Amino acid sequence: MSRTVVLVVVAALLSETWGVPLSSGSSPRAANHFPDGFYLGAATAAYQVEGGWNEGGKGESIWDHTLHAQPNLTADGQNGDVAADSYHKYKEDVQLLVGLNANVYRFSLSWPRILPTGDTDNINQAGIDYYNSLINELLANGIQPMVTLYHWDLPQELQKLGGWPNAVIADYFVEYARIAFENFGDRVKLWLTFNEPDMFSNGYSSATALAPGADSPGVADYLLAKAVLLAHARVYRLYDQRFRPTQRGRVGITLNIDWYEPLTSSADDAEASDRQLQFECGLWAHPIFSREGDFPEVVKLRVAANSRKEGRTRSRLPTLSPAEVNLIRGTADFFGINHYSSSLVTSGSSGSEPSKTYDSGVVTSMFEGYPTSFWISDIPWGLRKLLNWLHKSYPGYPFFITENGWSDPPGVLNDTARIHYYRGYLSALLRSINDDGVPVIGYTAWSLLDNLEWMNGYTIKFGLYSVDYDDPERPRTAKASVPVMAQIYKERAVPLEDFENADTTPPS
Ligand code: PNW
């Protein structure tokens with residue numbers, strides 16, 4: 001064997017056996033391939049797909065309550081009472097995942113399906129049975145379950161106590177998590193405590209954005225931040241101490257993080273970009289994933305300064321005591337990311353006073369010249385920049401892309417824009433892993449099937465599979481993106497031509 005051949009073989013063995021990233025100059029075959037053991041699948045959330053809102057002993061959630069009381073909050077007056085009927089059709093859903101060659105399915109547990117009052121006075125066995133059936137069906141088909149404990153459907157009984165801004169809710173969340181670990185942890189090895197706290201905090205800063213519609217901007221959302229971080233940390237530590245020794249799974253949290261590109265090359269805009277990332281991501285990530293813990297300095301300073309200006313004697317952002325900082329710091333085995341889009345950012349003033357938006361002191365705008373749908377721009381290099389920024393800011397943590405996807409208006413089965421989006425973003429993900437050395441362990445596309453897109457009702461479609469919402473049977477149909485994704489998942493690679501054509505390098 002010539003020396004070159006030996007080197008190539010050794011490099012291939014290294015990359016295959018230990019997932020050692022090859023440098024960009026190496027074999028082009030490797031660069032478009034996912035590492036061994038990489039998870040590839042799709043995601044959903046309970047309220048968006050399950051339906052069965054009052055079946056099998058399920059209690060009322062804040063979403064049931066809010067959309068029943070105010071049906072006009074959704075774009076089409078619809079709600080999740082039936083949704084995609086996954087409560088009855090979960091076996092079919094598992095076959096949709098099989099059709100994608102997925103090896104992981106991210107779904108969420110409905111807290112009030114398991115604990116109808118949110119508390120342990122009533123542990124609903126029918127709810128536990130439902131999730132056991134789903135988990136067993138997944139495993140029988142070779143698909144790992146990845147479970148989100150909280151994807152926004154708080155038991156309404158706990159909203160009567162004020163919901164997440166009330167720190168006492170953490171006590172209930174820990175009990176709920178314990179019941180989930182006890183019942184499912186023998187088979188579930190990937191756990192997420194929360195989905196997108198930054199996004200669901202809007203349910204407490206706006207009357208109309210999300211349930212429960214408690215309108216306390218700049219106050220409730222920061223109180224919620226402390227309560228959620230403490231709840232997350234306590235659940236992580238519970239798992240670590242009581243369940244990890246026997247169950248050997250991993251616990252993380254998922255944050256929504258877009259990329260914010262400075263509008264100009266000025267130092268001011270670079271600062272605005274960092275500030276926006278700190279207010280959207282750092283508020284949650286810094287306490288958990290940074291070496292020093294606590295809220296980011298820039299967030300603490302700006303909220304304190306605005307609070308003083310408003311005549312308050314205390315900051316609207318609660319403080320974390322040294323003991324709380326220690327409790328929260330380091331409480332994750334991996335870092336979940338929901339990434340959809342990139343925007344431009346400059347410093348300036350937006351949002352009402354007080355509000356988190358106002359505190360951040362930035363103005364964002366959408367890029368021009370990229371494919372756009374609703375609030376999403378198709379900018380693959382934004383994901384690559386974000387992953388590099390995250391890896392630099394929070395070294396030592398593996399990342400998992402828990403959501404990424406494209407939305408269409410209703411009726412698009414030949415979803416060429418979604419295909420373009422996924423080819424680009426999966427290529428950017430591969431560049432981040434193989435060229436940049438960012439440790440990413442998995443990817444779940446949003447979403448497996450068309451579902452209730454919160455206040456947009458059924459008017460915005462994220463599914464790889466479409467669902468006919470006019471038919472009581474809720475039949476599923478594969479969109480054109482399904483065979484494309486199924487091939488990528490099967491080959492565990494983006495086809496070379498698509499990979500090389502993808503827009504993965506930021507314009508200079
Ligand atoms: C996420 N935005 O929410 C949620 O985790 C999903 O439940 C949801 O269906 C999905 O993304 C698609 O929207 C977001 O306006 C909602 O920037 C809105 C935004 C981002 C994420």
Side-chain angles (χ1 to χ4, degrees), residues 42-50 61-63 67 73-75 78-80 83-84 86 105-110 146-154 192-203 205-206 208-211 228 252-260 276-277 279-281 284 336-345 350-351 356-357 360 362 364-367 372-379 382-383 386 400-409 418 421-422 425 443-465 467:
T44 62
Y47 185 67
Q48 296 181 271
V49 300
E50 275 182 12
S61 77
I62 54 174
W63 278 93
L67 295 189
L73 282 179
T74 52
Q78 300 292 309
N79 57 43
S86 292
Y105 179 43
R106 173 178 178 241
F107 62 96
S108 78
L109 306 180
S110 158
M146 180 183 215
V147 170
T148 312
L149 288 168
Y150 188 78
H151 202 126
W152 308 0
D153 44 356
L154 187 73
L192 293 159
T193 53
F194 288 97
N195 178 72
E196 301 191 352
D198 190 70
M199 196 54 70
F200 80 71
S201 74
N202 290 322
S205 66
S206 153
T208 54
L210 294 170
V228 164
I253 184 170
T254 275
L255 308 181
N256 52 293
I257 325 175
D258 282 357
W259 176 250
Y260 294 94
Q276 173 58 22
L277 287 164
F279 270 86
E280 180 173 309
C281 163
W284 316 93
I337 302 162
N338 290 352
H339 175 81
Y340 286 90
S341 190
S342 292
S343 306
L344 290 162
V345 64
S350 60
K356 191 149 87 62
T357 309
S360 70
V362 303
T364 60
S365 53
M366 283 182 89
F367 273 91
T372 294
S373 177
F374 304 102
W375 48 275
I376 299 174
S377 299
D378 180 351
I379 307 178
L383 171 61
L386 174 68
F400 197 121
I401 309 289
T402 44
E403 287 181 27
N404 173 240
W406 178 260
S407 53
D408 275 324
R418 178 170 293 105
Y421 181 95
Y422 278 130
Y425 278 76
Y443 176 95
T444 48
W446 186 270
S447 178
L448 177 64
L449 70 183
D450 289 345
N451 57 54
L452 181 100
E453 181 52 25
W454 307 113
M455 294 317 185
N456 295 297
Y458 299 101
T459 65
I460 292 184
K461 308 291 190 183
F462 275 93
L464 291 162
Y465 291 88
V467 175

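Each ligand, and each atom within it, is numbered from 1 in the order the structure gives. Since this is a predicted model, take the numbers as computed values, not measurements.
- Listed as neighbours of ligand 1 are Q48, H151, W152, N195, E196, M199, N338, Y340, W375, E403, W446, E453, W454, F462, each bearing a heavy atom under 4.0 Å from the ligand.
- With sequence neighbours excluded, no residue satisfies ring-ring contact (aromatic ring centres under 6.0 Å, His included) with W284.
- Taking the six-membered ring for Trp and the full ring otherwise, Y425 and Y443 have centroids separated by 6.0 Å or more.
- Residues passing the ring-ring contact (aromatic ring centres under 6.0 Å, His included) test with F400 are Y39, sequence neighbours excluded.
- For Y340 and W375, the ring centers are positioned less than 6.0 Å apart.
- For F367, the side chain to side chain contact (heavy atoms under 4.5 Å, CB included) criterion is met by E261, S342, L344, Y370, I379, W381, not counting sequence neighbours.
- Y458 contributes a side-chain N or O that, together with a main-chain N or O of N79, makes up a donor-acceptor pair within less than 3.5 Å.
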